[in-house]
Amino acid sequence: MVSLHQRFILTLHISVRTYRAMANVGGGAPAIGIDLGTTYSCVAVWKHNRIEIIPNDQGNRTTPSWVAFTNTEQLVSDGAKNQITKNPANTLFNVKRLIGRRFSEAMVQDDIKLLPYRVIQGPNDMPKIMVTQMENEQQFSTEEISSMILKKMKEVAEAYVGQTVKNAVITVPAYFNDSQRQATKDAATIAGLNVLRMINEPTAAAIAYGIDNMLGLTGKRNVVVFDLGGGTFDVSILTIDEVGKFEVKAVAGDTHLGGEDFDNRMVDYCVEEFKKKYEMDLTGKKRALGRLKAECEKAKRVLSYATQASVELELLHKGIDFSMTFSRAKFEELNMSYFTKCIEQLESCLADANMTKGNVEEVILVGGSTRIPKVQLMLQEFFGGKELCKNINPDEAVAYGAAVMAAKLSGDTTKMIKEMMVYDVTPLSLGIETKGDIMTVVIGRNTRVPVKKTHNFVTSEDNQTVTRMAVYQGERSKSTDNYLMGSFTVSGIPPAPKGVSVIEACSEIDDNGILTVTAKIVSTGRTEKLTVNNYGGRLSKQDVDKMMKDAEKFKVEDQQFKRKAQAYNGLDDCIYHLRKKIRSNDVPPKDLKNMQYALAETTRWLSNGRVAELEEIERRKKYLYLLSRFPFQK
Ligand code: ADP
Ligand code: MG
């Protein structure tokens with residue numbers, strides 16, 4: 001039985017992978033669009049003059065953004081998600097909520113409390129994820145884990161197009177800051193992808209909508225993209241016109257608001273109920289909390305079409321079966337503050353775009369959480385009962401738009417794609433700290449990107465020869481209330497009375513939303529540059545290179561695993577044939593004994609369940625094969 005079971009698992013493992021990708025290396029592989037979501041990711045490609053959303057090896061059009069480590073392998077997507085209850089400490093999800101953030105941030109600290117895996121403070125306050133494999137503790141950066149998901153999406157696309165894919169457009173929440181964008185880009189590099197462009201998720205969704213509706217479009221149309229997913233909320237206001245110009249007017253949002261938060265509120269409520277009923281606290285009981293969360297998420301989905309949903313868990317804690325019923329009203333009450341926050345963001349976005357509700361012609365819903373009836377209702381009421389646009393698929397629109405952009409950037413000549421123009425904006429103000437902790441804004445939020453601006457600063461003390469330039473992103477007037485992107489020192493300023501020496505700061509935000517700041521002492525021409533490597537909380541070039549190599553190492557291990565799996569399957573076949581031979585009654589007694597012995601021995605060896613060397617499996621396979629053919633036909 002053991003061998004059969006093993007055979008089943010191994011066959012499954014092999015059959016879900018495809019080798020087509022290896023057959024046709026290089027040479028005109030299309031660029032793909034990847035929506036790297038907090039909970040689900042999606043990949044698409046422009047093919048035969050239309051967008052194809054690519055199904056994964058399970059046939060699903062979206063792939064869970066999950067990674068898990070078992071003692072024998074590394075799992076990504078459904079495989080990882082399905083084994084969480086067995087292996088919660090080594091099953092990673094929601095990593096997008098941590099990427100590009102500092103460990104000590106309050107939001108990170110709050111999230112960590114709810115995660116079943118361990119996150120520690122790494123160098124430069126970077127969060128590091130700890131996993132245990134074969135009793136070995138390993139540390140991963142959030143970029144590495146995200147790269148595993150991106151690599152999976154790359155493979156899904158490769159299996160589909162039959163070529164090695166290199167180029168991609170990757171989407172990020174509009175409200176991601178520079179650090180989160182840079183980290184996402186690094187993750188893509190580690191995954192072996194060349195990032196053609198990073199675009200904002202709601203902009204990508206608008207592209208999907210625009211391309212789909214281009215033919216029927218006359219004049220300009222103001223659209224709101226309301227994107228409420230698992231981890232993030234983004235709202236964008238764009239104008240789209242008939243010639244394919246997409247112009248983002250304003251963005252707003254929250255990189256920490258989404259379906260996950262709604263689930264957590266439900267979990268908190270269950271924990272309270274459990275406490276009331278059984279006087280036991282589930283806080284810190286990771287397994288129980290993990291199971292609760294999964295059930296709450298399911299109940300939440302049910303509440304989108306039913307008015308009641310139950311959460312039932314056998315033996316949740318200390319032998320207690322837990323069950324409770326959520327009404328839709330209760331769910332809404334628990335999460336009302338989040339829903340209200342979304343509407344507030346929408347209001348502020350409209351104000352930033354210099355528009356009123358009446359100017360909005362279309363409201364596009366994106367992200368799984370926009371299926372929540374209350375969210376739709378509030379939005380509809382906000383727009384005076386206006387019908388919301390549900391023509392585009394909320395789970396796929398972002399990848400769709402990313403793939404359109406990928407086609408454009410790789411020079412596709414389809415008229416619609418070639419003529420499309422997209423103008424995006426920066427979500428956050430960029431500022432430099434000046435004396436007295438003041439945030440001096442150099443590029444205001446909602447400025448069109450790419451943008452380059454120079455700003456002159458003067459020394460604040462007599463004979464000042466050194467100054468520190470600290471660069472922040474955010475909307476608060478006190479610089480330290482904003483997010484420190486990095487700092488650098490400008491030295492060698494010629495001594496002079498205060499206010500005389502001029503330092504010219506040049507701030508640039510590129511098409512990807514990534515910034516560079518340089519400072520020049522005007523009188524000497526000496527220049528300092530804030531590059532990605534010289535501030536804390538980022539991976540250095542060496543780190544990224546090393547991680548790329550590690551990822552390659554994983555690939556080799558993976559291939560070895562595949563080879564081994566095939567060998568095991570082969571051995572299984574040999575056992576099957578030997579067994580048949582033994583039953584066939586045409587084997588002389590002496591040989592029969594040998595065969596029976598070999599069969600028993602191999603079955604016992606297999607049931608040990610240990611991982612053998614490939615040579616050993618092959619040796620046994622050969623031996624059984626020879627035996628099963630005995631006596632040789634003359
Ligand atoms: P992300 O892009 O952040 O990964 P998605 O757009 O894929 O997120 O949305 C995933 C979120 O949507 C999850 O929190 C999921 O629970 C939620 N969701 C999916 N379907 C429904 C539904 N029918 N009702 C409520 N929430 C849903
Ligand atoms: Mg999304």
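For ligands, and for the atoms within them, numbers begin at 1 and follow the listed sequence.
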Could you walk me through whether Lys96 and Gln180 pass side chain to side chain donor-acceptor pair (under 3.5 Å), step by step?
CA-CA 9 Å; Lys96 189 175 170 182; Gln180 292 165 304; over 6 Å; no
Within 45 degrees of the ring normal and closer than 6.0 Å to the centroid, is that where the cationic atom of Arg181 sits relative to Phe176?
no
Decide whether a cation-pi geometry holds between Lys357 and Phe382; the criteria are a distance under 6.0 Å from NZ or CZ to the six-membered ring centre and an angle within 45° of the ring axis.
yes
Using a 4.0 Å cut-off to any heavy atom of [X], which atoms of ligand 1 qualify?
| X | result |
| --- | --- |
| Ile372 | 25 (C) |
| Gly37 | 2 (O), 4 (O) |
| Thr38 | 1 (P), 3 (O), 4 (O) |
| Gly367 | 6 (O) |
| Gly231 | 3 (O) |
| Glu297 | 15 (C), 16 (O) |
| Gly259 | 14 (O) |

Return all side-chain donor-acceptor pairs below 3.5 angstrom for residues 230-239, not counting sequence neighbours, or 'none' if the list is empty.
{"unit_1": "Asp234", "atom_1": "OD1", "unit_2": "Ala174", "atom_2": "N", "d": "3.3"}
{"unit_1": "Asp234", "atom_1": "OD1", "unit_2": "Tyr175", "atom_2": "N", "d": "3.1"}
{"unit_1": "Asp234", "atom_1": "OD2", "unit_2": "Ala174", "atom_2": "N", "d": "3.0"}

Would you call the rings of Phe262 and Phe339 parallel, tilted or perpendicular if under 30° counts as parallel and over 60° as perpendicular?
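Phe262 and Phe339: perpendicular rings.
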Can you confirm whether the side chains of Arg101 and Thr142 place a donor and an acceptor under 3.5 Å from each other?
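Thr142 and Arg101 do not have a side-chain donor-acceptor pair below 3.5 Å.
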Could you tell me whether ligand 1 has any atom less than 4.0 Å away from a heavy atom of Asp395?
no
Could a heavy atom of Gly258 be found less than 4.0 Å from some atom of ligand 1?
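It does not, in that no heavy atom of Gly258 comes within the 4.0 Å cut-off of ligand 1.
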Given Arg371, Glu396, Lys300, identify the one with the heavy atom nearest to atom 26 (N) of ligand 1.
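The option holding the nearest heavy atom is Lys300.
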Check each of Thr39, Asp35, Leu303 against atom 4 (O) of ligand 1 and report the one with the nearest heavy atom.
Thr39
Considering distance alone, does some N or O of [X] sit under 3.5 Å from an N or O of ligand 1?
| X | value |
| --- | --- |
| Gly368 | yes |
| Gly230 | yes |
| Ser304 | yes |

The test is side chain to side chain donor-acceptor pair (under 3.5 Å); show your working for Asp125 and Gln121 and say whether it passes.
CA-CA 6 Å; Asp125 203 15; Gln121 186 170 31; 2.7 Å; yes
For Cys42, run the side chain to side chain contact (heavy atoms under 4.5 Å, CB included) check against Ile34, Thr62, Asn60 and tell me which one passes.
Thr62
Per the side chain to side chain donor-acceptor pair (under 3.5 Å) rule, which among Thr63, Asn56, Asp57 passes with Lys152?
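In the set Thr63, Asn56, Asp57, the residue that makes a side chain to side chain donor-acceptor pair (under 3.5 Å) with Lys152 is Asp57.
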